[in-house]
Amino acid sequence: MNQQARTVKVTDFIDPDDPRVWLTKPFAVFGKVAGTDGATAFLSNRDAAEAGVDEPEIPGKLDKIEDYFRIAAESEFFDAPEVIFPEVRSCTDCKGSGRYAEQVCPECDGWGEAEAETDQNTYTVHCKTCDGKGSIAEKGSERECPFCKGEGKRWHEDDRMQIDGVPFDLNPGLISRIDGAKDLQIAVIKDDRLERCIAFKCEDGIGLIMGMRDAQKGAAA
């Protein structure tokens with residue numbers, strides 16, 4: 001049971017590190033404060049003018065975003081059932097330490113591929129030391145791991161879950177943003193423009209979360 005209702009915030013739905021500037025900060029839609037990271041979007045009940053938030057400078061995209069929120073609002077909602085999340089696992093980036101800093105992989109010198117030799121040929125192979133990333137976690141770092149927020153455990157990119165009434169797989173990290181929200185309802189969107197997407201609404205606003213397209217891949221963009 002939830003002891004206190006969760007407040008759903010626009011800042012949970014933006015990515016401050018994304019190179020696309022309009023995904024890094026809240027913006028105004030229908031006079032309200034909104035935000036998106038490409039896999040989720042949230043339109044809050046907060047007044048944009050009072051919050052000092054303006055319309056985004058993204059020519060051609062604002063109309064589409066407004067249309068998506070209209071589709072969400074017109075969906076058939078039902079009360080969200082209790083959500084059962086998968087167990088968190090040891091963070092692979094910090095090796096469960098909760099501390100993380102990157103260093104260039106000494107095996108491949110940051111290329112993600114290493115050279116292998118036979119008597120006849122020299123060829124490149126996927127670097128097993130860094131799993132092709134080109135970097136590895138630096139042991140003993142004092143910096144908090146950004147992937148698990150210092151916890152040492154987290155959900156992984158291939159973790160999936162389902163909610164009763166939702167016919168496709170969902171990312172637990174995305175669903176955790178709304179779990180416990182007051183008066184939470186969800187809906188399966190039936191519109192080709194938002195394939196494999198759920199809508200949600202709660203006391204704080206309305207939003208969208210993309211379903212997963214492949215059990216081995218990340219969220220749909």
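- Heavy-atom contacts from other residues, nucleotides or ligands closer than 6.0 Å to CZ of Arg177 number more than 12.
- In this structure, the side chains of Phe30 and Arg70 come closer than 4.5 Å at one or more pairs of heavy atoms.
- Side-chain contact between Val10 and Arg46 is absent, with no heavy-atom pair separated by less than 4.5 Å.
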Residues Ile175, Trp155; criterion side-chain contact (heavy atoms from CB on, under 4.5 Å); working and verdict = CA-CA 12 Å; Ile175 298 301; Trp155 291 300; over 6 Å; no
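- Surrounding CH2 of Trp22 are more than 12 heavy atoms belonging to other residues, nucleotides or ligands, all under 6.0 Å away.
- In the hydrophobic cluster analysis, where Ile, Leu, Val, Met, Phe, Trp and Tyr join through side-chain heavy atoms closer than 4.5 angstrom, Leu174 is grouped together with Phe85.
- Between Thr92 and His156, the shortest heavy-atom distance links the atoms CG2-CE1, 3.2 Å.
- A heavy-atom distance below 4.5 Å is found between the side chains of Phe77 and Ile206.
- Across all their heavy atoms, Cys91 and Cys145 have their closest contact at SG-SG, 3.9 Å.
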Between Ile65 and Phe27, does a side-chain contact (heavy atoms from CB on, under 4.5 Å) hold up when you go through it step by step?
-> CA-CA 11 Å; Ile65 293 171; Phe27 51 85; 4.1 Å; yes
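- By the 6.0 Å contact criterion, CG on Asp18 is enclosed, its count of non-hydrogen atoms from other residues, nucleotides or ligands being greater than 12.
- The shortest side-chain heavy-atom distance between Asp37 and Leu23 does not fall under the 4.5 Å cut-off.
- Across all their heavy atoms, Ile178 and Phe13 have their closest contact at CG2-CZ, 4.0 Å.
- Contact detail for Ala34 and Phe69: the closest heavy-atom pair is CB-CE1, 4.3 Å.
- Two residues are said to be in side-chain contact when any heavy atoms from C-beta on lie closer than 4.5 Å; Lys133 and Asp93 meet this criterion.
- Of all heavy-atom pairs between Asp159 and Pro172, the closest is O-CD, 3.4 Å.
- When all heavy atoms are compared, the tightest approach of Leu62 to Ala28 is CD1-O, 4.1 Å.
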